[in-house]
Amino acid sequence: MLTDTMSRSLEALEPDEPEHLKFYSCGPTVYNLAHIGNFRTFITADLVVRTAEALGWKVSYVSNITDVGHLTQDDVADATGEDKMAAALRAAGQQFPNIWDLARYYADAFIDDWKRLNLREPMVRPRATEHMREQIQAINQLVKAGHAYVTPSGVYFRLSSFPEHGKLSGNVDKEQLQVGVRDVVVDDNKEHPGDFALWKQDDKHLMQWFSPWGWGFPGWHIECSAMAMKYLGDTLDLHAGGEDLVFPHHESEIAQSESLTGKPFSRHWIHTRFLVVDGEKMSKSKGNFFTVRDLVDERGHDPIALRFALMATPYNKPLNFTMQSLSDAGKNVERFRECRRVAEGAVDRTGGVEIAAELDRLYGEALDAMCDDLNTSVALAKALEGTGVIFREQSLLGGDSARAAVRYLDQINELLGICPPETKTEQSFEAELQVDIERRAELKLAKLFAEADAIRLKWLDQGVELRDTPDGTVWKLVKP
RNA sequence: GGCGGCGUGCCCAAGUGGUUAAGGGGAAGGUCUGCAAAACCUUUAUUCAGCGGUUCGAAUCCGCUCGCCGCCUCCA
């Protein structure tokens with residue numbers, strides 16, 4: 001069950017082919033580092049995939065990268081029409097020799113952040129620049145069918161040829177749109193001010209391709225239509241994106257694709273609500289604008305904690321991100337880690353209490369919550385309840401229950417991506433640390449506690465916390 | 001002007017007609033420990049922005065008021 005943007009109600013997600021989800025999620029434009037709001041949307045897509053997989057479905061997951069700069073004013077090619085990628089290149093002129101390098105750099109950074117947030121890899125991650133032929137063909141067909149017209153400044157989609165335009169956003173009253181707050185610059189070549197560009201000609205544009213309409217570049221909307229249909233067919237089961245894409249982007253994709261095929265473009269639509277920071281929209285001028293790098297590399301937060309914080313509120317409600325919510329999430333993620341240590345430490349024991357049934361029940365409830373319109377709040381609560389069960393019985397866990405606990409954590413991680421197994425990387429200081437741990441144990445036996453505490457403090461200063469447990473002293477890395 | 005959302009404890013937040021209003025964080029007390037840390041136990045909303053209405057029964061439905069927020073042709 002998902003909230004469908006088209007009908008504005010909760011609908012069962014029914015793939016055309018049973019148990020095979022064809023899913024397209026709109027990716028970022030790579031003129032800059034993606035921020036945490038972008039990633040909230042991509043996490044939503046990730047959770048759709050994970051939930052479908054948990055139900056045993058096959059998922060054909062496509063998420064694009066927009067690496068073509070588009071005009072700031074989509075429908076006009078005048079002096080103000082410098083696109084964002086060109087502007088970014090100008091701002092970072094020394095860093096990148098040309099716009100292609102800039103796009104490649106930010107696309108790589110994006111994929112890097114994507115992995116750190118434990119997001120599933122799509123089946124294909126198509127790039128707009130690598131699908132020029134498909135886009136030109138689509139435009140050509142639209143022109144031939146009379147849905148688009150050629151002008152000296154480019155090719156426009158003829159809105160009047162697609163009366164259903166506006167069915168997704170509810171922006172059906174074209175007159176009301178005209179009194180919108182933002183100035184819409186009118187190109188005299190357009191038949192109707194709402195017609196949108198499929199192909200633009202502009203000598204100043206830094207990326208140019210040859211087409212039947214001369215040198216130019218594609219409009220913003222056509223890439224998604226062309227790439228989605230190439231990889232997933234004429235009708236998708238689900239199309240996702242941020243709430244700002246409802247209009248005009250997805251509205252235009254529908255117009256293009258359905259004019260082309262005469263078939264519904266997507267059976268379902270979901271849109272992730274915006275993230276706000278401290279109750280306000282993120283913006284660079286307010287100083288509340290965060291990228292993954294800002295929080296993880298500079299402030300030392302755990303990327304998994306960031307993921308947790310970004311999914312704490314269901315996708316269909318605005319998420320209020322705060323530093324407090326991030327550190328709350330960090331505590332929870334740490335709890336999962338600790339829980340895994342406890343469970344893994346008990347797998348060799350014999351006997352013990354039975355908790356597998358209760359964990360199975362909780363996992364089932366978490367999955368149910370995800371099936372109920374991706375209710376991540378409830379799913380996370382159920383996941384956390386499971387750690388309570390494991391911790392409560394930790395001293396009585398037998399091997400069977402411990403293995404059930406590990407399996408539970410693995411299942412929760414598959415579904416929610418919040419408790420990945422620790423990747424044990426050998427630390428350079430481990431030999432030295434081991435010596436100190438043994439020395440400290442001797443000191444403790446001799447009741448020389450001041451010296452023992454000094455060792456613990458010494459390591460804490462270096463970001464290593466020592467903890468005494470019934471099974472001996474363990475250590476973990478902490479924020480310095 | 002058009003379209004849409006939200007207001008639940010100190011903070012985040014679930015719950016959309018019916019047993020005790022999930023869960024997390026924080027705070028307080030306790031257990032364990034040489035001390036820490038972690039974990040565990042207990043406590044922390046007779047009340048859901050306000051006012052009226054419908055109902056045997058409302059945080060949940062309806063109306064009004066107040067407050068906050070998003071989109072409306074660059075934006076996840």
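Chain letters run A, B, ... following the sequence lines, proteins first and then strands; every chain starts at 1.
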Using a heavy-atom cut-off of under 4.0 Å over every strand shown, decide if F274(A) touches base, sugar-phosphate, or nothing.
base
What's the closest nucleotide to the side chain of P314(A) if the choices are A14(B), A76(B), G34(B)?
A14(B)
What interatomic distance, in whole Å, is found between C1' of U44(B) and the corresponding atom of U8(B)?
16 Å
NA contact type, R440(A), heavy-atom cut-off 4.0 Å: base, sugar-phosphate, or nothing?
base
For V30(A) and R127(A): C-alpha separation, side-chain torsions, deciding distance, then whether side-chain contact (heavy atoms from CB on, under 4.5 Å) applies.
CA-CA 10 Å; V30(A) 285; R127(A) 299 183 189 219; over 6 Å; no
Distance, P atom - from A28(B) to A38(B), rounded to whole angstrom
14 Å
When the distance from CZ of R341(A) to C1' of A38(B) is rounded to whole Å, what number comes out?
9 Å
Scan every strand shown for a Watson-Crick or G-U wobble partner of C3(B), both distances under 3.5 Å, and answer none if you come up empty.
G70(B)
So does S377(A) reach the base of A14(B) with its side chain, donor to acceptor, closer than 3.5 Å?
no
Ignoring the backbone of S325(A), work out which of A37(B), C12(B), A76(B) is nearest its side chain.
C12(B)
Heavy atoms under 4.0 Å, any strand shown: does N375(A) hit a base, just sugar-phosphate, or nothing?
sugar-phosphate
In this structure, how many angstroms lie between the C1' atom of G70(B) and the CG atom of N316(A), rounded?
14 Å
Side chain of F247(A): nearest nucleotide among C72(B), A76(B), G25(B)?
C72(B)
With distance as the sole criterion, is a donor-acceptor pair present between the side chains of D67(A) and Y106(A) under 3.5 Å?
no
With respect to the phosphate group of G26(B), does any side-chain polar atom (N or O) of K331(A) fall under 4.0 Å of OP1 or OP2?
yes
Distance alone, cut at 3.5 Å: any donor-acceptor contact between the side chains of N316(A) and D373(A)?
yes
Give me the distance, rounded to whole Å, that separates U46(B) from A58(B) when you measure between the C1' atoms they each carry.
15 Å
Between the side-chain atoms of N332(A) and the base atoms of G25(B), is any donor-acceptor pair under 3.5 Å?
no
Quote, to the nearest angstrom, the C1' distance that separates U47(B) from U60(B).
14 Å
D360(A) and Y408(A) side chains, donor-acceptor separation under 3.5 Å
no
State whether R335(A) places a side-chain N or O below 4.0 Å from either non-bridging phosphate oxygen (OP1 or OP2) of C40(B).
yes
Please measure how far the C1' atom in G53(B) lies from the corresponding atom in A13(B), and state the result in whole Å.
30 Å
Using the ring of each side chain (for Trp, its six-membered ring), is W269(A) parallel, tilted or perpendicular to H271(A), with breaks at 30° and 60°?
parallel
Name the orientation class of the two ring planes belonging to F290(A) and F321(A) (parallel below 30°, tilted from 30 to 60°, perpendicular beyond 60°).
tilted
Can you tell me if the side-chain N/O atoms of K317(A) get under 4.0 Å from OP1 or OP2 in C69(B)?
no
Report the base-pairing partner of A38(B) (Watson-Crick or G-U wobble, both distances below 3.5 angstrom), or none.
none
From CG of D372(A) over to P of G15(B), roughly how many Å is that when rounded to an integer?
8 Å
Please state the C1' separation for the pair A45(B) and U55(B) - nearest whole angstrom.
25 Å
Taking the C1' atom in each of G63(B) and A22(B), what is the distance between them to the nearest angstrom?
31 Å
From the candidates A14(B), G23(B), G70(B), the one with an atom nearest any side-chain atom of E243(A) is G70(B)
Pick base, sugar-phosphate or nothing for G241(A), based on heavy-atom distances below 4.0 Å to the nucleic acid.
sugar-phosphate
Would you say that W100(A) contacts M207(A) through its side chain, given a criterion of any heavy-atom pair below 4.5 Å between the two side chains?
yes
Please classify the nucleic acid contact of H249(A) as base, sugar-phosphate, or nothing, using heavy-atom distances under 4.0 Å.
nothing
May F449(A) be described as stacking on the base of G34(B), applying a 5.5 Å centroid limit and a 30° limit on plane angle?
yes
Measure NZ/K444(A) against P/A37(B) and give the value in whole Å, please.
14 Å
For C32(B), the nucleotide meeting Watson-Crick or G-U wobble distances (both under 3.5 Å) is none
Between A76(B) and C68(B), how many Å separate the two C1' atoms, rounded to a whole number?
22 Å
Separation of atom CD in E251(A) from atom C1' in C71(B), rounded to whole Å
12 Å
Opposite nucleotide pairing with A76(B), Watson-Crick or G-U, both atom distances under 3.5 Å:
none
Does a side chain donor of either N320(A) or T322(A) reach within less than 3.5 Å of an acceptor in the other side chain?
no
Given RNA chain B, 5'-ward residue of the pair T313(A) and N38(A), judged by closest heavy atom:
T313(A)
Side-chain atoms of D328(A) come closest, of C11(B), A13(B), A36(B), to C11(B)
Paired nucleotide for U19(B) [Watson-Crick or G-U wobble; both distances under 3.5 Å]:
none
Ion pair present between D368(A) and K382(A), side-chain N to carboxylate O less than 4.0 angstrom?
no
Hey, does the side chain of R392(A) come within less than 4.0 Å of C41(B)'s phosphate (OP1/OP2), counting only N and O?
yes
Using only modelled atom types and a 3.5 angstrom limit, is any donor from either the side chain of R456(A) or the base of A36(B) paired with an acceptor on the other?
yes
Using purine N1 to pyrimidine N3 plus N6-O4 or O6-N4 for Watson-Crick, or N1-O2 and O6-N3 for G-U wobble, both under 3.5 Å, which nucleotide pairs with C61(B)?
G53(B)
Nucleotide C74(B), atom P - distance to CZ of F217(A) in whole Å
13 Å
Which nucleotide, if any, forms a Watson-Crick or G-U wobble pair with G26(B), using both distances under 3.5 Å?
U44(B)
Using OP1 and OP2 only, check whether a side-chain N or O of K281(A) sits under 4.0 Å from C71(B).
yes
For a quick check of understanding: with a heavy-atom distance under 4.0 Å over all strands, which category does L466(A) fall into, base, sugar-phosphate or nothing?
base
Please report the distance, rounded to the nearest Å, between CE in M282(A) and P in G70(B).
12 Å
Could you tell me the separation between the CE atom of M323(A) and the P atom of G26(B), rounded to a whole number of Å?
17 Å
